[in-house]
There are 2 protein chains.
Amino acid sequence: MASPMYRQIAEDLRAQIETGTLEPGQQLRTETELGKRYGASRNTVRDAMKWLITLGVVETRPGQGTFVVKKPKPFVTTLTADPKIGPGGDEVANYGSDVEAQRRIPFNSEPQVETQKASATIAAELRVAEGSHVISRHVKRYIDDTPWSLQTSFYPMGFALKGADQLLLAEDIKIGAVKYLGETLGLQQVGYRDWITVRAPDAIEAVFFNLPQDGRIVVFENFRTGFDQTGTPMRVTVTIFPTDRNQFKVNVGNLPPEDISTE
Amino acid sequence: MASPMYRQIAEDLRAQIETGTLEPGQQLRTETELGKRYGASRNTVRDAMKWLITLGVVETRPGQGTFVVKKPKPFVTTLTADPKIGPGGDEVANYGSDVEAQRRIPFNSEPQVETQKASATIAAELRVAEGSHVISRHVKRYIDDTPWSLQTSFYPMGFALKGADQLLLAEDIKIGAVKYLGETLGLQQVGYRDWITVRAPDAIEAVFFNLPQDGRIVVFENFRTGFDQTGTPMRVTVTIFPTDRNQFKVNVGNLPPEDISTE
DNA sequence: GCAAATTTGTTCGTATGTATT
DNA sequence: CAATACATACGAACAAATTTG
């Protein structure tokens with residue numbers, strides 16, 4: 001009896017959900033009904049609900065009721081390059097093929113292109129002066145019509161001035177940005193480094209991914225810095241993935257082919 | 001007036017924390033005091049506090065008060081192998097060197113060794129029958145005395161019977177488990193695959209890492225499957241890292257040496 | 001070591017607002 | 001428009017944890 005009543009109620013309901021007595025998507029009894037059943041007031045039941053909500057197992061809809069949450073099937077992204085493509089592959093292309101292998105339909109929005117002054121983080125990764133101008137290309141990415149990731153690539157402004165002017169056009173670069181930079185500037189991406197963190201979504205991300213506003217569901221933030229043949233950073237790509245529907249794989253060394261049919 | 005009062009109070013306090021008016025570690029005024037100041041009841045202030053708690057910006061300590069949270073300095077783990085070591089390196093050794101480079105002091109508990117029946121997930125990764133026996137070796141890992149990760153490695157039971165009997169001893173394998181398997185069974189780890197997900201911590205993890213019980217702070221779960229020269233899985237290592245103090249790096253291709261002094 | 005004061009934690013009751021059916 | 005169900009807010013009381021005298 002150490003734990004307070006609202007925790008006991010929450011635990012009982014959670015157990016019912018875990019064991020499948022309550023199925024995903026199913027509606028729970030109303031708060032007043034549960035109060036009667038457990039011999040508690042409606043406010044105490046509501047405390048139990050709040051607890052279950054922060055645990056992410058139920059959600060409430062005003063005017064309707066409380067429901068067991070449905071977990072979406074995760075999207076798996078491989079961070080290491082496909083050996084057939086090598087480290088020079090394009091992010092969009094790479095991720096795309098990875099998704100197709102899972103027989104899903106990816107869709108990217110038209111890029112939104114801006115020129116900005118580099119933030120401290122971006123400047124440090126690109127090794128340019130803080131506040132110097134950079135090109136940012138932003139796309140929204142969907143899989144099977146569900147919001148999947150938000151991706152922004154940053155390039156030094158000099159690239160466009162030296163001949164890679166398509167970087168400034170708000171239009172998909174068909175051959176891929178990396179290949180385009182190779183053809184126009186002779187730059188080759190010989191490697192990249194990913195830096196993966198987890199943080200609460202900002203307001204824009206929460207809206208796009210349809211996440212609760214209170215930051216219960218967090219997002220992956222992946223900084224990918226690409227390096228050219230001289231060891232200089234040529235691009236920084238920041239991709240945001242909500243953790244509730246995304247997973248990553250990293251392949252190192254010689255691996256047998258993966259069986260994806262059972263995923 | 002669109003947003004409810006408890007959100008307005010929370011937003012005001014959050015802004016004070018963002019701008020530094022309230023510093024990390026600093027104590028907020030008591031709930032009753034804040035209620036008077038904002039013209040709200042104590043319960044409404046408490047709703048604001050709950051909101052800030054799920055946002056992760058404050059924490060309450062019964063009998064003491066409410067405090068602005070201090071964010072710990074993150075630990076960075078590189079998932080791709082050091083090129084000098086190659087994909088055959090040991091997890092413990094690999095991670096260890098990675099941490100030392102950041103001039104921190106890692107410490108591993110003595111391993112806790114058990115034989116178990118393989119769970120569905122472990123069996124699938126190791127490609128053994130579900131329910132067949134496996135050896136599990138579990139260590140608790142600290143850096144600078146703060147709990148850092150929980151790591152469990154699983155090996156097929158056959159390894160011990162065929163000569164690698166030190167796997168069953170609750171004692172550190174000095175030369176590293178991978179090298180030991182090479183010497184005793186001729187197995188070489190030629191590659192591995194990491195599979196990274198994020199989930200709420202279970203009760204044991206929450207206690208070890210000192211995380212709040214309500215699952216607000218989630219953990220990375222990294223499944224690393226190591227493969228031998230025949231392409232057969234030889235080991236599965238599951239490592240749990242709390243996301244509030246851990247980050248990952250992934251290196252692909254040819255990279256310039258990283259400047260770690262500025263981290 | 002104990003008692004008092006302080007502060008947050010839990011629970012109840014009640015009233016009113018808002019969203020959906 | 002009415003009924004239903006969750007959302008917000010107030011007030012009150014007692015419990016539990018911590019610090020201080």
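Throughout, protein chains are lettered first and strands after them, A, B, ... in sequence-line order, and every chain is numbered starting at 1.
- With rounding to whole Å, A:Leu52 atom CG is found 14 Å from D:dC6 atom P.
- Rounded to an integer number of Å, the gap from B:Gln27 CD to C:dT6 C1' is 10 Å.
- One can place CD1 of B:Ile9 at 13 Å from P of D:dT8, the figure rounded to the nearest angstrom.
- In this structure, NZ of B:Lys36 is placed 12 Å from P of C:dT7, rounded to the nearest angstrom.
- Evaluation of the ring-ring contact (aromatic ring centres under 6.0 Å, His included) rule for B:Phe220 yields B:Phe248 as partners, not counting sequence neighbours.
- Distance CG (A:Leu34) to P (D:dA5): 12 Å, rounded to an integer number of Å.
- Residue B:Asn210 qualifies as open at atom CG: its count of foreign heavy atoms under 6.0 Å is 12 or below.
- Against DNA chain D, the stretch residues 59-69 of chain A makes heavy-atom approaches under 4.0 Å through A:Thr60, A:Arg61, A:Pro62, A:Gly63, A:Gln64, A:Gly65, A:Thr66.
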Step-by-step side-chain contact (heavy atoms from CB on, under 4.5 Å) determination, A:Phe209 to A:Ile217: CA-CA 10 Å; A:Phe209 292 120; A:Ile217 298 181; over 6 Å; no
Ignoring hydrogens and angles, write down the donor-acceptor pairs under 3.5 Å from the side chains of residues 56-66 of chain B, residues two or more places apart or on other chains.
from: B:Glu59; atom 1: OE2; to: B:Arg61; atom 2: NH2; distance (Å): 3.2

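- Contacts between residues 41-51 of chain B and DNA chain D, defined by a heavy-atom separation below 4.0 Å, involve B:Ser41, B:Arg42, B:Asn43, B:Thr44, listed by number.
- Ring orientation note: the planes of B:Trp51 and B:Tyr6 are nearly perpendicular, at an angle over 60° on the 30°/60° scale.
- C:dA19 atom P lies 17 Å from atom CD of A:Glu31, rounded to whole Å.
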Which is it for A:Phe154 and A:Phe223 under the ring pair (Phe, Tyr, Trp, His ring centres under 6.0 Å) test, yes or no, and what are the steps along the way? CA-CA 11 Å; A:Phe154 297 89; A:Phe223 285 82; 8.7 Å; no
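- The side chain of B:Pro4 has D:dT8 as its nearest neighbour among C:dT11, D:dT8, D:dA7.
- With sequence neighbours excluded, the residues that form a side-chain hydrogen bond (donor to acceptor under 3.5 Å, both in side chains) with B:Arg42 are B:Glu31.
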Acceptor/donor pairs from residues 18-25 of chain B side chains to any protein atom, 3.5 angstrom cut, sequence neighbours excluded:
from: B:Thr19; atom 1: OG1; to: B:Ala15; atom 2: O; distance (Å): 3.0
from: B:Thr19; atom 1: OG1; to: B:Gln16; atom 2: O; distance (Å): 3.3
from: B:Thr19; atom 1: OG1; to: B:Thr21; atom 2: OG1; distance (Å): 3.0

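- Between the CD atom of A:Glu33 and the C1' atom of D:dT4 there is a distance of 12 Å, given to the nearest Å.
- We find that CG of A:Leu28 is positioned 13 Å from P of D:dA5, with the value rounded to whole Å.
- Salt bridge absent: B:Glu33 and B:Lys36 never bring a charged side-chain N and a carboxylate O closer than 4.0 Å.
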